[in-house]
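Encoded as structure tokens, the structure appears first; notes follow it.
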2 protein chains.
Amino acid sequence: MERHEMEAFLTLAEELHFRRTSERLGLAQGRVSQTIQKLERRIGAPLFERTSRRVSLTAVGAQLRDDLLPAYRQMQRALADATASVKAVSGVLRVGYSSPMAAALILDAADRLTARYPDLEVQIQEIQLADPFGPIRGDQVQVQITELPVDEPDLVVDRILFSEERKLLVNRDHPLARSSEVTLEDLADTTLISFAGMPLYMEDYHYPRLTPSGRPIPRKEAAFWQEALVMVGAGKGVTFACARAEEYYARQDTVWLPFPHFPRIDYGIIWPRNGNTARVQAFVGGITGPRTP
Amino acid sequence: MERHEMEAFLTLAEELHFRRTSERLGLAQGRVSQTIQKLERRIGAPLFERTSRRVSLTAVGAQLRDDLLPAYRQMQRALADATASVKAVSGVLRVGYSSPMAAALILDAADRLTARYPDLEVQIQEIQLADPFGPIRGDQVQVQITELPVDEPDLVVDRILFSEERKLLVNRDHPLARSSEVTLEDLADTTLISFAGMPLYMEDYHYPRLTPSGRPIPRKEAAFWQEALVMVGAGKGVTFACARAEEYYARQDTVWLPFPHFPRIDYGIIWPRNGNTARVQAFVGGITGPRTP
DNA sequence: ATGTCTTACGGAAGACGTAATAATA
DNA sequence: TATTATTACGTCTTCCGTAAGACAT
């Protein structure tokens with residue numbers, strides 16, 4: 001049963017009038033007549049009783065209308081929903097990241113995503129550790145891959161996307177640079193560079209204030225990651241980073257030391273609790289795929 | 001969305017293989033590819049992710065399949081049900097009647113019915129009052145219009161179709177032929193002709209054995225209606241008939257007297273309890289229409 | 001005479017198959 | 001190389017509108 005036959009039949013079953021039916025469908029009057037006749041021939045019995053003055057459904061016609069109408073509506077809706085869902089995942093989605101590996105992941109997901117949603121553009125934006133949630137709260141990015149823990153009432157944390165070994169960055173002339181194994185206890189003899197503006201629970205998690213034995217760890221704050229790098233290069237202190245960041249930020253004057261006795265760095269995907277749009281959903285779903293295999 | 005597009009999409013969603021899909025649909029391989037592409041252009045995003053080696057549904061495609069499949073199935077079923085119901089109302093339907101008015105009604109309904117169900121043939125058969133249920137029990141007729149009351153465990157009585165005034169048939173030379181008004185009490189002075197073979201409750205209802213004052217009514221039995229007519233014409237007794245039967249059975253030697261103090265004759269439509277077929281249903285539904293206006 | 005449904009006919013859209021092309025394992 | 005999906009092109013079905021016909025009010 002062809003679409004145009006269903007439409008002719010259902011419209012005529014509603015209008016009970018060939019001319020009005022043809023007008024509603026944008027067809028010539030004769031077309032409706034012939035389409036209905038063809039359908040009736042296929043079914044084997046008239047669906048309408050008609051004189052030149054009155055059109056009415058037969059029992060078979062009424063039954064068919066009752067069965068067909070919901071199916072037709074659902075079909076229409078399925079198509080409309082599909083186009084609407086595609087349209088909802090169009091426009092620009094800005095994704096924040098605070099680590100270059102996350103950026104690579106995002107760009108990878110963006111490729112797959114724009115293949116599936118041709119009208120979607122994914123833009124990326126670096127997020128400074130000193131203000132990790134400003135951009136997402138200000139809608140400068142709609143979704144973000146960032147270091148955990150994140151515990152903000154207005155932000156949803158989806159899950160751990162990946163985790164990285166933590167390394168300690170020290171100046172190549174620093175005594176620790178030649179240690180075989182560095183631990184938290186050693187930090188009492190350094191200045192740890194952390195970031196102002198981070199929530200306290202995050203700062204305490206990533207940049208402890210005391211060593212395990214209780215000695216205070218001297219600290220200094222930087223505003224940007226690049227600034228922290230420069231400070232380490234200048235011998236002003238040490239700081240943490242995830243292992244693979246070395247591929248992006250290696251410097252002659254800095255060595256990246258394994259730091260196995262401190263937890264790895266987990267990265268998660270977050271978005272505003274009231275910003276769970278189709279775009280964001282699609283991105284989160286799209287970034288799921290590649291991670292699992 | 002065209003039928004061939006739905007079929008191509010749903011089949012491909014099941015097979016995940018263009019060649020197998022084209023074979024199942026009896027199409028060329030390229031056709032499937034182009035049909036899917038067209039659908040994807042209309043929706044605005046790919047429904048399948050394909051390489052030359054693997055085909056898989058995208059999220060949009062999977063959603064569309066979930067929404068579309070039930071609608072498509074229901075549509076198919078609606079059409080199949082319609083053709084099946086037409087086919088079920090085809091062949092020969094034999095209808096019994098015991099009164100010429102009923103025959104006219106049946107023929108009228110049969111005309112409308114064969115217009116609605118071209119493959120149905122309606123035949124009529126006269127039923128003798130002496131054996132009112134033999135033919136319907138022997139499947140010589142499948143439905144029957146007959147005098148009420150009918151109270152048989154294996155027969156369904158639908159409803160009263162119409163009712164007719166009862167008249168008394170007497171020979172023109174009989175003294176009652178000149179009465180201004182005849183009552184049951186007068187029958188004590190006549191011989192009432194009834195029919196053998198009728199169930200007792202029917203015979204007692206139509207042919208009382210006593211007058212209201214308790215006098216017995218002499219009686220004689222006939223085997224056929226025509227026989228009863230002849231007997232009345234020969235002055236051998238009186239009998240009952242419904243008023244309009246006079247149009248069919250008027251004779252010079254018989255007068256039809258009003259008999260207002262005895263109930264009218266009700267006619268009902270009956271069929272075997274285990275013979276409620278689509279044909280019968282269609283006939284009963286078809287005979288409903290003309291009666292109501 | 002008007003409004004309705006049906007029938008006849010010519011043109012255009014598009015669904016189809018064939019066959020060549022591109023990509024992947 | 002074999003198997004797959006895509007693209008190009010010519011054919012043919014059939015959907016369509018126009019216009020005339022048939023019928024009822």
Side-chain angles (χ1 to χ4, degrees), chain A residues 1-58 60-62 65 72 75 79 111-112 115-116 118 293, chain B residues 1-58 60-61 65 72 79 111-112 115-116 118 293:
Chain A
M1 189 163 186
E2 307 298 327
R3 175 195 55 79
H4 75 272
E5 290 175 325
M6 288 183 66
E7 286 180 348
F9 169 71
L10 291 173
T11 308
L12 182 59
E14 189 183 334
E15 293 284 353
L16 295 176
H17 195 284
F18 280 75
R19 184 181 54 73
R20 285 201 299 275
T21 299
S22 71
E23 284 169 2
R24 263 182 57 177
L25 296 176
L27 295 177
Q29 185 168 316
R31 256 318 77 207
V32 180
S33 188
Q34 288 178 339
T35 302
I36 298 296
Q37 282 174 34
K38 188 168 184 179
L39 195 55
E40 288 173 329
R41 272 198 304 278
R42 193 172 318 142
I43 289 178
L47 300 168
F48 297 91
E49 193 84 18
R50 58 263 215 194
T51 68
S52 69
R53 221 57 188 172
R54 171 168 17 273
V55 176
S56 62
L57 279 161
T58 63
V60 177
R65 186 248 287 129
Y72 179 74
M75 191 202 88
L79 195 68
D111 280 350
R112 276 193 314 285
R116 280 181 171 76
Chain B
M1 189 166 185
E2 306 298 328
R3 176 195 54 80
H4 75 272
E5 290 176 324
M6 287 182 67
E7 286 180 348
F9 169 71
L10 291 174
T11 307
L12 183 60
E14 189 184 333
E15 293 285 353
L16 296 176
H17 195 285
F18 280 77
R19 182 181 55 72
R20 285 200 299 275
T21 299
S22 70
E23 283 170 3
R24 263 183 57 179
L25 297 176
L27 295 177
Q29 185 167 316
R31 259 309 83 204
V32 180
S33 188
Q34 288 178 337
T35 301
I36 298 297
Q37 283 173 34
K38 189 167 184 180
L39 195 54
E40 288 173 328
R41 272 199 303 278
R42 191 172 321 142
I43 289 178
L47 299 168
F48 296 91
E49 194 84 19
R50 60 265 215 191
T51 69
S52 70
R53 221 58 187 173
R54 158 134 71 251
V55 176
S56 62
L57 280 161
T58 62
V60 177
R65 185 248 288 129
Y72 178 75
L79 195 68
D111 280 350
R112 278 194 312 285
R116 279 182 172 77

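No hydrogens, no waters, no symmetry mates; every other heavy atom, side chains included, goes into these values. Proteins come first, then strands; the chains are lettered A, B, ... in the order of their sequence lines, and each starts at number 1.
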* Asked: When rounded to the nearest 0.5 angstrom, what is the spacing between CD in B/E40 and OG1 in B/T35?
  -> 11.0 Å

* To do: By nearest nucleotide on DNA chain C, pick out whichever of B/R3 and A/V55 is the more 5' one.
  => A/V55

* Protein-nucleotide distance (A/L39, atom CG; D/dC15, atom P), rounded to Å -> 12 Å

* Asked: Is a side-chain donor or acceptor of B/T58 paired with a backbone partner of B/P46 at a separation under 3.5 angstrom?
  -> yes

* To do: Quickly work out the A/E40 CD to C/dC5 C1' distance and round it to whole Å.
  => 12 Å

* Can a side chain N or O of A/Q29 be found less than 4.0 Å away from OP1 or OP2 on C/dT7? -> no

* For the pair made of CD in B/Q37 and C1' in D/dA8, what is the distance, rounded to whole Å? -> 13 Å

* Asked: Does OP1 or OP2 of D/dT25 have a side-chain N or O of A/R54 closer than 4.0 Å?
  -> no

* Nucleotide C/dT6, atom C1' - distance to CZ of A/R41 in whole Å -> 12 Å

* Rounded interatomic separation in angstrom, taking CD1 from A/I36 and P from C/dT4 -> 17 Å

* To do: Could you check B/R19 against A/T35 and say which one's nearest nucleotide on DNA chain D is further toward the 5' end?
  => B/R19

* Start at the 5' end of DNA chain D and walk down; is the nucleotide closest to A/T51 or to A/Q34 reached first? -> A/Q34

* Can you name the ring pair (Phe, Tyr, Trp, His ring centres under 6.0 Å) partners of A/F18, sequence neighbours left out? -> none

* Step by step, would you call A/L10 with A/R65 a side-chain contact (heavy atoms from CB on, under 4.5 Å)? -> CA-CA 6 Å; A/L10 291 173; A/R65 186 248 287 129; 4.1 Å; yes

* Pick base, sugar-phosphate or nothing for A/R53, based on heavy-atom distances below 4.0 Å to the nucleic acid. => base

* A/F18 has an atom CZ; how far is it from atom P of D/dA24, in whole Å? -> 16 Å

* Would you kindly give the CD-to-C1' distance between A/E49 and C/dT4, to the nearest whole Å? => 16 Å

* From the list C/dT4, D/dC16, D/dA5, which nucleotide is the closest neighbour of the side chain of B/R50? -> D/dA5

* Using a cut-off of strictly less than 4.0 Å, decide whether B/K38 has a side-chain nitrogen or oxygen near OP1 or OP2 of C/dG14. => no

* Asked: Counting any heavy atom closer than 4.0 Å, what does A/R31 reach on the DNA or RNA strands: base, sugar-phosphate only, or nothing?
  -> base

* Asked: Do the non-hydrogen side-chain atoms of A/M75 and B/Y72 ever get within less than 4.5 Å of each other?
  -> no

* Asked: Given atom CZ of B/F48 and atom P of D/dT4, what is their separation to the nearest angstrom?
  -> 17 Å

